[in-house]
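Structure first, then comments.
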Amino acid sequence: MAKVLTNKRGYYSDGSYEFSKPEKTGEGGIRRCSLVKDGDLVQYPVDGVKTVYEIVEYAARTHGSRPAVGWRDVVDTIEEEKEVTKVVEGKEVKEKKKWKYFELSPYKYLTFIEVKEAVSEVARGLLHLGVTDKDVFNIYAQTSPNWQIMAHACGSISTTIATAYDTLGEDGLAHSLNEPECVGLFTNAELLPTLHRVLARTPTVKYVVFDGEPSQALIDDLHGVRDTIQVYSIQKLRELGRDKPVEPLEARRPKPESIACIIHSNLVASVAAVKLLLGHHLTQEDSFLAYLPLAHVLEYIVELIMFFVGVPSGYGRVKTLTDASVRNCKGDIAEFKPSIMIGVPAVWETIRKGILAKVHAGGSIKKSVFNGAMAAKKKSLPVLAGLADSVVLSGVRAATGGRLRLALSGGAAISKETQEFLTTALVTVLQGYGMTETCGMCAILPPELMRYNSVGLPVPSCEVKLLDVPDAGYLSTNELPQGEVLIRGHSVFKEYYKRPDLNTDETVFTKDGWLRTGDVGQWNPDGTLSLIDRLKNLIKLANGEYIALERLESIYKSCNLVANICVHAVPEAQQPMAIIIPHEVHLRNLLASKGLDSTSELGVLCHNSNVQELVLKEANAIGKKNGFKQPELLQAVVLTPDEWTPESGLVTAAQKIQRAKISKAFKDEISAVYKH
């Protein structure tokens, strides 16, 4: 796509402003985005749009026959078998493992009008089945157009949805269906075996809707669990609804206070906030790659925003994003050629390290040219920067389709090294900050205010203040005001479902309606907010120093030898240690350059003390470069060759590490480091 210039100079004025002075000692003043300085916090994106379903209607009315959502069909599944060596109880053991790859079709599309029609058909089908506005319908499926069609259909008839990650095991799925007493669920054919194993434990479930092509035997098995269970493909449900009247739908339309998955008004306020904050950056020429789990509010709200403004979304999967992860076709990024992407830090780290691995594989000359181009671009040398951009770095951008111009990182902190590298080589990577409780919205960094180590401006639907954390020295009276981030506004939900204990807990909600995030923030001179700590991951070491585990991880993860990391510490320790999955390509390259064993299986290398020492040294070098003090440097590392996946329970579906579960899984190794 031609270079699109959407920046508005001076649009954000002072960034944010103090709306009111501190209400009491021990806290800072209330700050709001400067865009709402002359009015109230925003609530609606346009007149007449107060619910999520009205966004669907507005989009069909406004964007009509333009492509809305795209997907790829699976043409073939290819299995490849490889032999790997692992170290078990000190001995090398060989075993065979199978890897599954997909061959995919080109993208196919539905228009905005077709999406609305599909939503109406499914909604009429649900009404015909007897689904009421008191029922809860679960969506336990991969991110796809059908996920959204099902969610919008439920929302259009005031039926609340509950969401379940498609990586959930049997117990997690049973809880997800039983806690809200779900009357039915939508899922994928490949997830039906898991559902079959839990249906006997989920007595309220009557309706099972699926996409894909399961065997008839499996469908018969589902029917066999209970006489009351009805099973439909989503195509069959649409056919069922197609000839039913539309008039009954009008009596079931949602109100702003109706619950979609979070209250409609919260979701719509978030759309309104992004429209005001970033709307001028979202054009008719853009396209958005959708691949994160829709059960995660960040993906859900961004897709809703794209639908509202008319940006087409192309659906992909984490496992099929790159060319290396598919067979006989291009990966989703190269095939769809997005101009806008969102990702969690783990995704951006993988992309950065993939670029570096490819550069390294090209030999010393290519590496020197690349490094020279990066240096020229960073220094903004007029002629050289343009040459570097068009000749050298354009090759890097081609791997992502060549159109990428905006990227947002959310879900956790991204290291400055990774953000700067990708912004220079590939695309402007902005940071955002939010929680499920705030519809994924709290602060976003606009391109006009691009800087590192900042999550941006408060969104215009919310206001923010900082609460002192005296023990750790985070005070609103510091030269740069610091403290726990509290947020209030139209995007913030009102209460947890069936959790009166949390709803009355003043460490969660204050009496005057503020949500306590547990994150420690800092106001910067340009009006933006930075996150500098997380209260629950603050560990006090034996020397009395506090260390912030998440902050340490975000920095150490930028080490080229680190694919993933969990920093761990106990109160009696002088320093933290880390469990690390090495980045195999970079590790082998470095070992070879030092004349060390670089050809053994990764599992063998992970148990090699020389390799452990090398990874520790390289990681601590990154720490020192970022100004870490001695108590923040790693005492030791434990290396593991096994990827952490949602299936193993060691990371969430959004790729956040499960700290407690990792600590339990590596209990013996941690004990050996601290000898306790």
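Everything numeric in this text was worked out from a predicted model, so none of it was measured. What you see below is based on every heavy atom in this structure, not just the backbone, and it leaves out hydrogens, waters and symmetry mates.
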Ile581/Val562 under side-chain contact (heavy atoms from CB on, under 4.5 Å): CA gap, chis, key distance, verdict
CA-CA 6 Å; Ile581 301 171; Val562 176; over 6 Å; no

Checking Glu553 against Arg659 for the salt bridge (Lys or Arg N to Asp or Glu O under 4.0 Å) test, could you report, in this order, the C-alpha distance in whole Å, the side-chain angles of both residues, the deciding distance, and whether it holds?
CA-CA 11 Å; Glu553 285 159 356; Arg659 193 177 305 282; 2.7 Å; yes

Pair Thr160, Phe137 - check side-chain contact (heavy atoms from CB on, under 4.5 Å), show working.
CA-CA 6 Å; Thr160 300; Phe137 215 88; over 6 Å; no

Quick one: do Ser176 and Asn138 satisfy side-chain hydrogen bond (donor to acceptor under 3.5 Å, both in side chains)? Show the steps, please.
CA-CA 8 Å; Ser176 180; Asn138 198 296; 3.0 Å; yes

Let me see the working for Glu349 and Arg352 under salt bridge (Lys or Arg N to Asp or Glu O under 4.0 Å), right down to the final yes or no.
CA-CA 5 Å; Glu349 294 289 355; Arg352 179 180 78 91; 3.8 Å; yes

For the pair Arg197 and Asp171, evaluate salt bridge (Lys or Arg N to Asp or Glu O under 4.0 Å) and give the outcome as yes or no after the intermediate values.
CA-CA 10 Å; Arg197 291 192 290 272; Asp171 290 343; over 6 Å; no

Worked check of ring-ring contact (aromatic ring centres under 6.0 Å, His included) between Tyr232 and Phe210
CA-CA 7 Å; Tyr232 298 89; Phe210 65 87; 9.2 Å; no

Kindly indicate, with the supporting measurements, whether the criterion side-chain contact (heavy atoms from CB on, under 4.5 Å) is fulfilled by Leu294 and Thr163.
CA-CA 8 Å; Leu294 265 165; Thr163 64; over 6 Å; no

Would you please test Arg66 and Thr111 for side-chain hydrogen bond (donor to acceptor under 3.5 Å, both in side chains) and show each step?
CA-CA 5 Å; Arg66 295 186 68 244; Thr111 67; over 6 Å; no

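Proximity of a side-chain donor or acceptor of Thr202 to a complementary backbone N or O of Val205 within less than 3.5 Å is not detected. With Ser325 contributing its side chain and Lys319 its backbone, the two residues share a donor-acceptor pair below 3.5 Å. For the pair Thr423 (side chain) and Val429 (backbone), a donor-acceptor distance under 3.5 Å is present. In this structure, Asn608 contributes its side chain and Asn610 its backbone to a donor-acceptor pair below 3.5 Å. Distance alone, capped at 3.5 Å, places no donor-acceptor pair between the Thr187 side chain and the Leu191 backbone. Listed for the His586 side chain is a donor-acceptor partner under 3.5 Å among the backbone atoms of Lys353. Between the side chain of Gln612 and the backbone N or O of Val638, no donor-acceptor pair lies under 3.5 Å. Between the side chain of Arg403 and the backbone N or O of Pro338, no donor-acceptor pair lies under 3.5 Å. The main-chain N or O of Gly411 is found under 3.5 Å from a side-chain atom of Lys656 such that the two form a donor-acceptor pair. When atom types are taken as modelled, the side chain of Gln230 and the backbone of Val208 share no donor-acceptor pair closer than 3.5 angstrom.
Here the CG atom belonging to Leu240 is positioned 6.0 Å from the CG atom belonging to Leu129, to the nearest 0.5 angstrom. Annotation: the span from Leu639 atom CG to His607 atom NE2 amounts to 9.0 Å, rounded to 0.5 Å. The line from CZ of Phe186 to OG of Ser144 is 5.5 Å long, rounded to the nearest 0.5 Å. With rounding to the nearest 0.5 angstrom, the CD1 atom of Ile657 is 8.5 Å from the CD1 atom of Ile565. Between the CG atom in Leu406 and the CD1 atom in Ile342 there is a gap of 12.5 Å [rounded to 0.5 Å]. Taken from NZ in Lys206 to CG in Asp227, the straight-line distance is 13.5 Å, to the nearest 0.5 Å.
With Phe102 as the aromatic partner, Arg317 meets the cation-pi criteria of under 6.0 angstrom to the ring centre and within 45 degrees of the ring axis.
Considering only heavy atoms from C-beta on, Pro106 comes within 4.5 Å of Glu335 through its side chain. Taking 4.5 Å as the limit, every side-chain heavy atom of Val637 sits out of range of all side-chain heavy atoms of Met577. At a threshold of 4.5 Å between non-hydrogen side-chain atoms, the residues Asn178 and Pro203 count as touching. Within the 4.5 Å cutoff, the side chain of Ser287 has no heavy atoms near those of the Lys337 side chain. Considering only heavy atoms from C-beta on, Ile355 comes within 4.5 Å of Ile351 through its side chain. Leu292 has its side chain out of reach of Thr143: every pair of non-hydrogen atoms, C-beta onward, lies at least 4.5 Å apart. The closest side-chain heavy-atom distance from Val136 to Cys182 is below 4.5 Å. With contacts defined as side-chain heavy-atom distances shorter than 4.5 Å, the pair Glu303/Gln148 qualifies.
Side-chain atoms of Ser671 and Asp668 include no donor-acceptor pair closer than 3.5 Å. Judged purely by distance below 3.5 Å, without hydrogens or angles, the side chains of Arg405 and Thr428 never pair a donor atom with an acceptor atom. For Asp642 and Trp644, the side-chain atoms include no donor-acceptor pair closer than 3.5 Å. Remark: the His196 side chain and the Asp221 side chain contain no N/O donor-acceptor pair separated by less than 3.5 Å. Between the side chains of Asp220 and Gln216, at least one donor N or O lies within less than 3.5 Å of an accepting N or O.
Here the shortest heavy-atom pairing between Ala162 and Pro180 reads CB-CG, 4.1 Å. Pairing each heavy atom of Pro641 with each of Cys606, the nearest pair is N-SG, 3.7 Å. Between Tyr109 and Pro67, the shortest heavy-atom distance links the atoms CD2-CB, 3.9 Å. Nearest heavy atoms, His223 versus Ile229: ND1-O, 3.3 Å. Leu218 and Leu192 make their closest contact through CD2-CB, 3.6 Å (heavy atoms, listed as atom of the first residue, atom of the second, distance). In plain terms, the two heavy atoms of Ser600 and Leu605 that are nearest each other are O-CD1, 3.7 Å.
Remark: aromatic rings of Tyr165 and Tyr140 are distant, center separation not under 6.0 Å.
Heavy-atom contacts from other residues, nucleotides or ligands closer than 6.0 Å to CD of Glu613 number 12 or fewer. Heavy-atom neighbours of Lys82 NZ from other residues, nucleotides or ligands within 6.0 Å: above the threshold of 12. Other residues, nucleotides and ligands place no more than 12 heavy atoms under 6.0 Å from the CD atom of Glu643.
Just one of Leu404, Asp323, Thr320, Leu289 meets the side-chain contact (heavy atoms from CB on, under 4.5 Å) condition when paired with Ile333; it is Leu289.
Residues passing the salt bridge (Lys or Arg N to Asp or Glu O under 4.0 Å) test with Glu80 are Arg327, sequence neighbours excluded.
Pairs engaging residues 321-354 under the ring pair (Phe, Tyr, Trp, His ring centres under 6.0 Å) rule: Tyr107-Phe336 [sequence neighbours left out].
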